[in-house]
Asker: 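Structure provided below as structure tokens; questions to follow.
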Amino acid sequence: QVQLVEAGGGLVQPGGSLRLACKASGSTTSTYVIGWFRQAPGKEREFVAAIRRSGGGIAHADSVRGRFAISKDNAKNTVYLQMNGLKPEDTAVYYCAATSRSIIMGIVDRESAYDYWGQGTQVSVSS
């Protein structure tokens, strides 16, 4: 089993930055892709970014490309989401998720591909 815990959310002004962290514990060697998703009030959860735990493979949603960057530190079993140039529309609960099998990067944006989920961390962008 794998446990995921997000941290780093908070309130920030438009144009500001935050770095989210997703720390994995348990059977971390059985995870292959780590993804970030977000859910704004009244909206469906959407894909933000994903990274393959071993080897290459990174993906970002069009809405955040150029502003957000996903990275990993395997020694710490942690995946980060650096968020710059935050906008009010980035306000949401951010979740990290992990797959228990290798998947192609073409489907990392599908919630159904992920087996483990964290509890989420709130990001609010407001002046």
Asker: Grab the two heavy atoms, one from Leu81 and one from Ala49, that are nearest each other, plus how far apart they are.
Answerer: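 That would be CD1-CB, 4.1 Å.
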Asker: Give a yes or no on whether Val33 and Phe47 share a hydrophobic cluster (residues Ile, Leu, Val, Met, Phe, Trp, Tyr; joining criterion: side-chain heavy atoms under 4.5 Å apart).
Answerer: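 Yes; tracing contacts between hydrophobic side chains, which count when under 4.5 Å, links both residues.
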Asker: Can you tell if the side chain of Arg67 reaches within under 4.5 Å of the side chain of Met83, non-hydrogen atoms only?
Answerer: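 Side chain of Arg67 against side chain of Met83, heavy atoms only: no contact under 4.5 Å found.
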Asker: Check for me, please, whether Leu20 and Ile58 land in the same ILVMFWY cluster - side-chain distances under 4.5 Å, paths through other members count.
Answerer: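 Yes: a chain of side-chain contacts under 4.5 Å links Leu20 to Ile58.
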Asker: Yes or no on side chain to side chain donor-acceptor pair (under 3.5 Å) for Tyr32 and Arg53, after CA distance, side-chain angles and deciding distance?
Answerer: CA-CA 5 Å; Tyr32 291 84; Arg53 194 176 67 84; over 6 Å; no
Asker: Do Tyr95 and Leu4 make a side-chain contact, defined as non-hydrogen atoms from C-beta onward lying under 4.5 Å apart?
Answerer: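 No; the side chains remain at least 4.5 Å from each other.
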Asker: Is the backbone of Ile103 close enough, under 3.5 Å, to the side chain of Arg52 for a donor and an acceptor to pair up by distance?
Answerer: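 Answer holds: yes.
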Asker: Using the side-chain contact (heavy atoms from CB on, under 4.5 Å) rule, pick out the option among Val125, Asn84, Val12, Thr121 that qualifies with Leu18.
Answerer: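 Only one option passes, and that is Val12.
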Asker: Gln13 versus Leu86: any side-chain heavy-atom pair under 4.5 Å?
Answerer: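 With C-beta onward as the side chain, the pair stays apart.
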Asker: Spell out, yes or no, whether Val79 and Val64 are grouped together once hydrophobic residues are joined by side-chain heavy atoms under 4.5 Å, including indirect joins.
Answerer: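 Linked within one cluster.
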Asker: Using the rule that two of Ile, Leu, Val, Met, Phe, Trp, Tyr join whenever any of their side-chain heavy atoms come within less than 4.5 Å, decide whether Tyr94 and Ile51 are in one cluster.
Answerer: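 Shared cluster, yes.
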Asker: Tell me whether Glu44 at atom CD has more than 12 heavy atoms from other residues, nucleotides or ligands lying less than 6.0 Å away.
Answerer: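 Not buried by this count: 12 neighbours or fewer within 6.0 Å.
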Asker: Taking the side chain from Tyr80 and the backbone from Ala69, do they hold a donor-acceptor pair closer than 3.5 Å?
Answerer: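 Not at all, since once roles are kept as given, no pair shorter than 3.5 Å links the two residues.
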Asker: When you measure from the side chain of Thr78 to the backbone N and O of Ala21, does any donor-acceptor pair fall under 3.5 Å?
Answerer: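 It does not hold such a pair.
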Asker: Charged N to carboxylate O below 4.0 Å: is that the case for Asp90 and Lys87?
Answerer: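 No, this pair does not count.
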Asker: Once the angle between the rings of Phe37 and Trp117 is folded into 0 to 90°, is it parallel (under 30°), tilted (30 to 60°) or perpendicular (over 60°)?
Answerer: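 Geometry flag for Trp117 against Phe37: tilted rings.
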Asker: Are Cys96 and Lys23 side-chain neighbours, meaning at least one heavy-atom pair lies under 4.5 Å?
Answerer: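 Counting from C-beta outward, Cys96 and Lys23 never come under 4.5 Å.
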Asker: Do Arg101 and Asp115 have side chains that get closer than 4.5 Å, going by heavy atoms?
Answerer: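 A side-chain contact under 4.5 Å exists here.
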Asker: Is any side-chain heavy atom of Lys72 closer than 4.5 Å to one of Ile34?
Answerer: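 No, their side chains stay 4.5 Å or more apart.
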Asker: Donor-acceptor pair, distance only, cut-off 3.5 Å: does the side chain of Glu6 make one with the backbone of Gly120?
Answerer: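 Yes; judged by distance alone, with no hydrogens or angles, the pair exists.
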Asker: Is the backbone of Ile70 close enough, under 3.5 Å, to the side chain of His60 for a donor and an acceptor to pair up by distance?
Answerer: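 It does hold such a pair.
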